[in-house]
Amino acid sequence: MNDKVKVTGIIDYIFCLVLSLAIVAAPNYIKDGECDFSFSYLATVLIVFFSLGTVNYFARRLIVRNISGPLWKSEFNCLFRTWNKVLNSKYNLWLFFIIILFFWLPIIIALYPGTLINDTWGQLAQFIQYFYKGKHFGAFSNHHPIFDTLIMGTIITPFGEKINNWQLGFFVYSFIQELLTVFSFALTVYYAYKYLKVKSGYVLTLLLFYALCPIFPISAQTISKDALFSWIYVIFIVLFIEALRTQGRVFSSFKYDVLLGLSVILCIITKSVGIYIVTFSLIAVCLFIPRYRRYSFATLACSLLIALGLLTGVKRTLNVAPSGKQEMFSLPFQQTARYFKYHPKDVTKAEFNSINALLDGENIGGVYNPTNADPVKGYTDRGNLKQYKNYLISWGKEGARHPRTYVAAFNAMVSGWFSFEEYAPLMSMDWHSQLNPKLMPTSASIRHGYFRRSSQVVITTFDNLYKIPILQLLLSYGLYAAILPMFIVATFLRKWGLKEVKVYWLSIIPLCLSIVLGCWLAPVSILFEGRRYLYPIVYTLPLMISLCLSVYQIKYDSHK
């Protein structure tokens with residue numbers, strides 16, 4: 001038994017070492033596009049490794065120590081009794097909802113009417129052109145999920161077109177989204193207490209984290225496809241974990257199947273990578289929980305058919321133009337651009353011709369930005385399938401010739417997710433290049449009067465919080481995109497095979513897919529609007545940590 005504990009404990013320190021290597025390298029890639037693996041780099045890695053290892057050691061023992069009893073001292077008995085009344089109320093879900101919303105309201109009001117990302121201006125322009133300007137061919141593009149465009153346009157544009165108050169439309173949409181997000185978080189807290197049986201002190205911590213951490217309300221007020229998808233994704237993860245907790249038994253409930261199927265459909269139609277995340281996650285359930293396989297497979301199959309049928313039908317009806325294939329090639333295009341920049345003499349004529357068919361072969365080395373793929377890949381598709389096939393052949397040859405260049409390009413692209421750069425969700429609408437003044441007034445992007453001042457207060461306050469060392473980690477990219485996910489993955493690998501924790505390790509599948517597909521393959525990380533790619537992960541991490549606590553608790557209770 002002791003040998004097993006030692007072996008599983010090594011997993012934590014392996015992850016700490018990997019994180020240390022990435023965290024120390026990240027600022028160098030962000031600043032210079034490369035990292036010099038010198039003695040000073042290794043010395044810094046050792047310091048960070050020691051720090052992470054120490055925190056990991058004490059954090060795990062603190063969890064085990066406190067899991068057996070209340071976290072409260074006697075002088076807090078009054079507060080503890082009040083909290084217990086909230087927990088045991090038959091309306092506890094709605095009390096959680098009210099508490100979170102109460103703390104969010106000042107930020108929601110201060111950031112009136114909400115914050116539109118640049119892509120959303122383009123989506124609204126497409127909606128206006130089709131439904132109000134009669135442009136029924138070429139108005140919509142699948143570069144943005146069509147259902148996101150329809151939902152946003154249906155709610156927002158009537159306010160602008162009918163009563164000439166675009167900002168009121170923004171606020172109505174934003175507030176509806178915020179209410180739905182608050183509900184998904186309240187559901188998470190409710191689920192952690194009632195079903196995961198997490199101790200009351202941790203439930204209170206979870207609730208206060210959702211209520212007080214400014215990242216959540218600021219993210220929820222952004223009018224973006226990612227914010228729309230993310231609250232749905234939270235509900236999917238709750239239902240997914242319930243399938244693991246019951247080892248598939250819940251699939252025999254028609255009500256559960258309907259709810260799960262609905263969340264799957266919504267995840268697929270509101271996010272391009274949603275289909276991969278939910279499909280592979282549920283396929284894993286089908287494979288590793290065979291007892292109720294026919295129910296789980298039927299739910300997945302029906303959901304996929306409905307979602308794909310809806311997408312196909314709507315795209316055909318609205319003549320939606322397909323999105324460009326270049327969107328899936330951000331990483332290889334970056335590797336090619338870096339190759340052209342540092343090894344221009346090693347590019348053969350045949351390779352140049354195949355690459356030039358898709359990219360600007362003459363200039364890609366010059367416009368190469370290590371952490372931003374957009375200058376290289378552009379926004380339009382430039383080639384056919386045969387040309388992409390020829391490109392991949394050249395890409396493979398060049399990678400074999402200079403693999404370190406490709407590794408460096410990858411490291412630079414993902415470096416933002418391992419950095420301690422400030423993770424501040426969007427609060428400014430200054431970047432609105434897709435706003436068409438012929439369709440919407442430019443004034444719609446400007447906060448006026450009181451709200452111009454109040455929004456600036458929120459922005460400045462957030463920046464000031466980040467400057468406080470003790471809070472810097474809490475408001476950084478690395479915590480949510482690397483450190484906490486690694487802790488969660490390591491926890492389930494440590495508990496692999498333990499009968500008491502059932503098949504909870506399957507929960508890391510959607511988490512890892514969200515990071516790899518949603519963040520690592522994205523065209524940017526910390527630049528511009530890259531922060532929105534992290535929304536689904538940030539939203540669901542508290543639930544995943546609750547599941548980790550539940551695992552520790554199960555193990556403790558089984559050995560009492």
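With F185 as the partner, the side-chain contact (heavy atoms from CB on, under 4.5 Å) test is satisfied by one option alone out of W104, F97, F96, F209: W104.
Using a distance-only test at 3.5 Å, with no hydrogens or angles considered, a donor-acceptor pair links the side chain of Y466 to the main chain of E422. T460 places no side-chain N or O within 3.5 Å of a backbone atom of V457 that could act as its donor or acceptor partner.
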Exercise for the section: Please test W94 against F183 for ring-ring contact (aromatic ring centres under 6.0 Å, His included), starting from the C-alpha separation and ending with a verdict. Expected result: CA-CA 8 Å; W94 298 108; F183 175 79; 5.7 Å; yes

Practice task
Kindly indicate, with the supporting measurements, whether the criterion salt bridge (charged side-chain N to carboxylate O under 4.0 Å, His left out) is fulfilled by R532 and D226.
Solution key: CA-CA 6 Å; R532 62 186 171 85; D226 303 272; 2.4 Å; yes

Practice task
Show your reasoning for whether side chain to side chain donor-acceptor pair (under 3.5 Å) applies to D119 and S224.
Solution key: CA-CA 8 Å; D119 282 356; S224 68; over 6 Å; no

Exercise for the section: Show your reasoning for whether side-chain contact (heavy atoms from CB on, under 4.5 Å) applies to R338 and E34. Expected result: CA-CA 11 Å; R338 191 179 183 96; E34 58 186 35; 3.5 Å; yes

Practice task
Give the C-alpha distance, both sets of side-chain angles, the deciding distance and a yes or no for side chain to side chain donor-acceptor pair (under 3.5 Å) between R447 and S428.
Solution key: CA-CA 9 Å; R447 293 185 173 99; S428 170; 5.9 Å; no

Practice task
Determine, stepwise, if the pair Q177 / T181 fulfils side chain to side chain donor-acceptor pair (under 3.5 Å).
Solution key: CA-CA 6 Å; Q177 180 174 267; T181 304; 5.7 Å; no

Problem - side chain to side chain donor-acceptor pair (under 3.5 Å) assessment of S219 paired with Y539 - result: CA-CA 9 Å; S219 300; Y539 282 18; 4.7 Å; no

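With a 4.5 Å cut-off on side-chain heavy atoms, F159 and F170 do not count as touching. No side-chain heavy atom of L52 sits under 4.5 Å from any side-chain heavy atom of N56. Using a 4.5 Å cut-off on side-chain heavy atoms (C-beta onward), T491 and Y552 make contact.
Atom OG of S476 and atom CG of L473 lie 4.5 Å apart (nearest 0.5 Å). Taking CG from L465 and SG from C213, the interatomic distance works out to 9.5 Å, rounded to the nearest 0.5 Å. Atoms CD1 and CD, on I30 and E421 in that order, are 4.5 Å from each other to the nearest 0.5 Å. To the nearest 0.5 Å, the span separating CD1 on I241 from OH on Y191 amounts to 6.0 Å. The CG atom of L534 sits 8.5 Å away from atom CD1 of I215, with the distance rounded to the nearest 0.5 Å. In this structure, CG on N92 lies 7.0 Å from CG on L87, to the nearest 0.5 angstrom.
With sequence neighbours excluded, no residue forms a ring-ring contact (aromatic ring centres under 6.0 Å, His included) with Y190. Qualifying salt bridge (charged side-chain N to carboxylate O under 4.0 Å, His left out) partners for K377, counting only residues two or more places apart in sequence or in other chains: E327, D374.
The aromatic rings of F418 and W520 sit tilted relative to each other, their planes meeting at an angle between 30° and 60°. Using the six-membered ring where Trp is involved, F140 and F127 have ring planes that are perpendicular, over 60° apart on the 30 and 60° scheme.
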